[in-house]
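The block underneath contains the structure these notes are about, expressed in structure tokens.
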There are 2 protein chains.
Amino acid sequence: MNIGQAAAASGVSAKMIRYYESIGLIPRTVRTESGYRVYSDRDVHTLRFIRRARDLGFSVEQIADLVSLWHDRERASKDVKTIALEHVGVLERKIRELQEMASTLKHLATNCHGDARPHCPIIEELANDEAVPPPLKPDAKFGPLGKSPAR
Amino acid sequence: MNIGQAAAASGVSAKMIRYYESIGLIPRTVRTESGYRVYSDRDVHTLRFIRRARDLGFSVEQIADLVSLWHDRERASKDVKTIALEHVGVLERKIRELQEMASTLKHLATNCHGDARPHCPIIEELANDEAVPPPLKPDAKFGPLGKSPAR
DNA sequence: CTTGACCTTCCCATGATTGGAAGGATTACA
DNA sequence: TGTAATCCTTCCAATCATGGGAAGGTCAAG
């Protein structure tokens, strides 16, 4: 089967299949004489695995780990669970961040008349100089305080 | 004040200040003889505005709109509110997406022993070929039924 | 044999941000 | 005054996962 058919069958675009191959997430496939990539049902199965992991928001790096655990019959389920829970942690942190943004905005919007007049608490809050921006750099070289990702 | 001081005072990195200038979000500043950018308290105020909007997850494009509404004394608060609520919609959609991922994963992880044995519902679900990947592209332009998908 | 749909590789763009190199300017201190 | 440290400048690259598109080769049906 050609790459287009593998793409349709797996839900992973041809572009991404080539990309995954280029970064070593999936092995190089057999080629026809003329250079076309050839895929087996087994390959499609792997691509579907990847697709599902991607849909769950795993990074390519994590997916690589998951695929290798998948193929490892001696794996410890603990290793899989660890990756999954770590990812859950990241997801929940992000969710909380977004929820905070949304609730702040909703609160501001509630107090905004939303009419033709210029008075607007949303703009006012953005322009409010009281809000103290946290220091840009934690002033590096401090002991191991645990990096705060993002921003 | 130099860019570094403006950065410290506003919470926007010098890198980003230059970037915002390059894309026209903020106007080009005055320069010293030797080419150093010079910032006023007013500029810092604008940067703080931007910083706060960014913290609320607005895109640079939206921030540009907000800044221009900010400076427009004739603005209709409706216009600001529209941008804010639109953004809330995006945030909430993303939150729901992430929550779905997290809850699926948590459910799977709950059923995973997380021990040294290989049996793992997480991997099994990822490998589950029943889950149907939604079609990649709506597959436009095909006449009534193109080639047989060789499946 | 032509047509059109497929495939190949290669480069570019996204968004917001950081990192770094090369080199000039300013400041601090001995 | 010399010099080192710390700023500043511009420019280029990388991130992450993905899509767009060009230029050109291949394949199957008509």
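So you know, we letter chains A, B, ... as the sequences are listed, proteins then strands, and number each from 1. Just so it is clear, the values below take in all heavy atoms, side chains as well, and ignore hydrogens, waters and symmetry mates.
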For a quick test of reading the model: is some side-chain N or O of [X] closer than 4.0 Å to OP1 or OP2 of [N]?
X	N	value
A:Arg54	D:dT18	yes
B:Tyr20	C:dA16	no
A:Ser13	D:dG19	yes
B:Tyr19	C:dT18	no

Using atom [atom1] of [X] as one end and atom [atom2] of [N] as the other, report the distance to the nearest whole Å.
X	N	atom1	atom2	value
A:Asp55	D:dA17	CG	C1'	13 Å
A:Asn2	D:dG25	CG	P	19 Å
A:Phe58	D:dC16	CZ	P	17 Å
A:Arg18	D:dA17	CZ	P	19 Å
A:Arg28	C:dT9	CZ	P	11 Å
B:Ile17	C:dT18	CD1	C1'	15 Å
B:Lys15	D:dT9	NZ	C1'	11 Å
B:Glu61	C:dA16	CD	P	9 Å

Other residues, nucleotides and ligands only: do more than 12 of their heavy atoms fall within 6.0 Å of [atom1] on [X]?
X	atom1	result
B:His45	NE2	yes
B:Glu124	CD	yes
B:Arg31	CZ	yes
A:Arg42	CZ	no
B:His107	NE2	no

Query raised in the report: Charged N to carboxylate O under 4.0 angstrom, A:Arg48 versus A:Asp55?
Result: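 Salt bridge: no.
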Query raised in the report: Between residues 82-100 of chain B and DNA chain D, which residues have a heavy-atom gap below 4.0 Å?
Result: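 The stretch gives none, as no residue of it lies under 4.0 Å from the strand.
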Query raised in the report: So, A:Arg73 side chain and B:Pro118 main chain: donor-acceptor pair closer than 3.5 Å or not?
Result: no
Requested in this report: Using modelled atom types only, decide if a donor and an acceptor are shared between the side chain of A:Asn2 and the backbone of A:Gly4 within a distance under 3.5 Å.
Outcome: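 Between the backbone of A:Gly4 and the side chain of A:Asn2 there is no qualifying donor-acceptor contact (under 3.5 Å).
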Dump every N/O contact between nucleotides 27-30 of chain D and the protein below 3.5 Å, one line per pair.
residue: D:dC27; atom: OP1; partner: A:Ser34; partner atom: OG; Å: 2.8

Report summary line: Per atom distances to the A:Ile3 side chain, the nearest of C:dT18, C:dC10, C:dC7 is C:dC7
Query raised in the report: Of all the choices, D:dC11, C:dT9, D:dT9, which nucleotide is nearest to the side chain of A:Arg31 once you look at every atom?
Result: C:dT9
Query raised in the report: Looking for any heavy atom pair under 4.0 Å, which part of the strands does B:Arg37 touch: base, sugar-phosphate only, or nothing?
Result: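 Since only primed, P, OP1 and OP2 atoms lie under 4.0 Å of B:Arg37, the category is sugar-phosphate.
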Query raised in the report: Side chains of B:Ser40 and B:Asp43: do they bring a donor and an acceptor to under 3.5 Å?
Result: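 Side-chain D/A pair, B:Ser40 to B:Asp43: present.
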Query raised in the report: Would a hydrophobic clustering, with Ile, Leu, Val, Met, Phe, Trp and Tyr connected at side-chain separations under 4.5 Å, put B:Val60 with B:Val80?
Result: yes
